[in-house]
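Quick note on labels: first sequence line is chain A, next is B, and so on, each numbered from 1. The basis for the numbers below is simple: all heavy atoms, side chains too, and nothing from hydrogens, waters or symmetry mates.
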There are 2 protein chains.
Amino acid sequence: MLKQETLSKNQQIVLDYIEKVNEPIKAYSILHNLQKKGIKAPLQVYRALDKLVKIGKIHKIESRNAFVACKNSNCQISKATAFSICESCEEVSEISDSKLSKYLKNFQDKAGMKFNKYNLEFFGLCKKCSVK
Amino acid sequence: MLKQETLSKNQQIVLDYIEKVNEPIKAYSILHNLQKKGIKAPLQVYRALDKLVKIGKIHKIESRNAFVACKNSNCQISKATAFSICESCEEVSEISDSKLSKYLKNFQDKAGMKFNKYNLEFFGLCKKCSVK
DNA sequence: TACACAATGTTATATTATAACAATTAACAC
DNA sequence: GTGTTAATTGTTATAATATAACATTGTGTA
Ligand SMILES: [Zn+2]
Ligand SMILES: [Zn+2]
Ligand SMILES: [Zn+2]
Ligand SMILES: [Zn+2]
């Protein structure tokens with residue numbers, strides 16, 4: 001079978017919702033909000049999330065246990081992710097910076113480990129929260 | 001009161017253990033292994049972990065929900081962390097690279113957000129696992 | 001058709017983390 | 001020392017996040 005190009009029913013339902021809310025959202029919040037669409041058990045959510053992460057449609061914000069739609073249609077799907085996180089309002093933005101991603105992709109550690117993926121999370125205060 | 005310099009009893013017990021095992025360890029594993037030292041409830045562990053993270057003695061590996069002792073006595077305590085993680089054997093090393101940390105500390109995102117902290121996790125195969 | 005594999009449904013359970021409240025201890029000013 | 005404050009501890013219960021196990025159904029391909 002060829003690599004699938006179309007999402008399954010549950011995968012599409014979950015992705016549509018994550019893209020709609022347009023901010024990081026937690027698995028059980030997805031679950032609670034999609035009851036009427038037939039998403040009734042945690043596994044329906046987690047299975048869809050797993051797949052969507054794998055194919056790069058969404059990313060997991062590890063420090064928040066939350067999921068967000070990918071904003072970089074052309075990003076190195078799920079292999080090179082960077083986010084900025086406001087510790088006050090919890091706003092999260094995906095960073096798209098070719099110099100940064102180039103730098104990190106080429107980074108070589110002293111132990112000679114071969115990297116194929118990274119995740120970077122910056123924390124601070126967004127503009128709105130800085131002036132408060 | 002001045003910033004405390006000595007750890008409390010539970011904090012010291014937990015830190016000693018994390019430093020001894022010398023690899024990422026999970027909260028409930030700590031709990032199970034320190035029963036005889038009087039650590040009997042999750043909160044005793046989590047409170048100590050919180051404090052130890054705050055003062056930079058340990059770091060949390062976010063993608064693994066695990067905690068590891070800091071190897072960089074002179075690192076920007078808990079404000080600038082980078083790790084390499086082998087996806088095969090789960091070996092984790094703390095990266096100490098002044099060029100990398102300088103680059104990231106100075107990184108400026110397009111939204112003008114002011115960062116005061118970051119966490120970077122690289123994934124790949126360690127040398128041992130590469131040759132398998 | 002038969003086969004392989006992906007996806008689903010379902011129940012139960014495992015793992016990770018915090019709420020709430022009372023009691024105790026340590027540091028400091030006077 | 002006394003009083004005051006903040007940090008730490010103890011304890012029970014519960015919340016939040018995630019996976020195991022197994023049966024079933026759908027989908028593409030030979
Ligand atoms: Zn992306
Ligand atoms: Zn903010
Ligand atoms: Zn460190
Ligand atoms: Zn390895």
Please report the distance, rounded to the nearest Å, between [atom1] in [X] and [atom2] in [N].
X       : N      : atom1 : atom2 : value
A/His32 : D/dA15 : NE2   : P     : 12 Å
A/Asp50 : C/dA7  : CG    : P     : 11 Å
B/Leu7  : D/dT8  : CG    : C1'   : 12 Å
A/Ile39 : C/dG9  : CD1   : P     : 7 Å
A/Arg64 : C/dT16 : CZ    : C1'   : 16 Å
B/Arg47 : C/dT24 : CZ    : P     : 15 Å
B/Ile13 : D/dT8  : CD1   : P     : 14 Å
B/Gln44 : D/dT8  : CD    : P     : 14 Å

Might you work through the side chain to side chain contact (heavy atoms under 4.5 Å, CB included) test for A/Lys127 and B/Met113, ending with a clear yes or no? CA-CA 6 Å; A/Lys127 262 188 173 167; B/Met113 187 162 154; over 6 Å; no
Are [X] and [N] close enough that a side-chain N or O sits under 4.0 Å from OP1 or OP2?
X       : N      : value
A/Lys9  : C/dA7  : no
B/Asn10 : D/dG10 : yes
A/Ser8  : C/dT8  : yes
A/Lys26 : D/dA16 : no
B/Asn65 : C/dT15 : no

Answer with yes or no whether A/Tyr28 presents, from its side chain, a donor or acceptor under 3.5 Å of a partner atom in the base of D/dA15. no
Looking at [options], which one has an atom nearest to any side-chain atom of [X]?
X       : options                : answer
B/Phe67 : C/dA7, C/dA17, D/dA20  : C/dA17
A/Ala27 : C/dG9, C/dA7, D/dA18   : D/dA18
B/Ala41 : D/dA18, C/dT16, D/dT12 : D/dT12

On the 0 to 90° scale, with breaks at 30° and 60°, tag the A/Phe107-B/Phe122 ring pair as parallel, tilted or perpendicular. parallel
Does A/Gln44 reach the main-chain N or O of A/Gly38 with its side chain, forming a donor-acceptor pair under 3.5 Å? yes
Could you check whether any side-chain heavy atom of A/Leu52 comes within less than 4.5 Å of a side-chain heavy atom of A/Phe67, counting everything from C-beta outward? no
Both A/Leu43 and A/Ser29 contact DNA chain D. Taking the nearest nucleotide for each, which residue is further toward the 5' end? A/Ser29
Is B/Glu121 salt-bridged to B/Arg64, going by a charged N under 4.0 Å from an acidic O? no
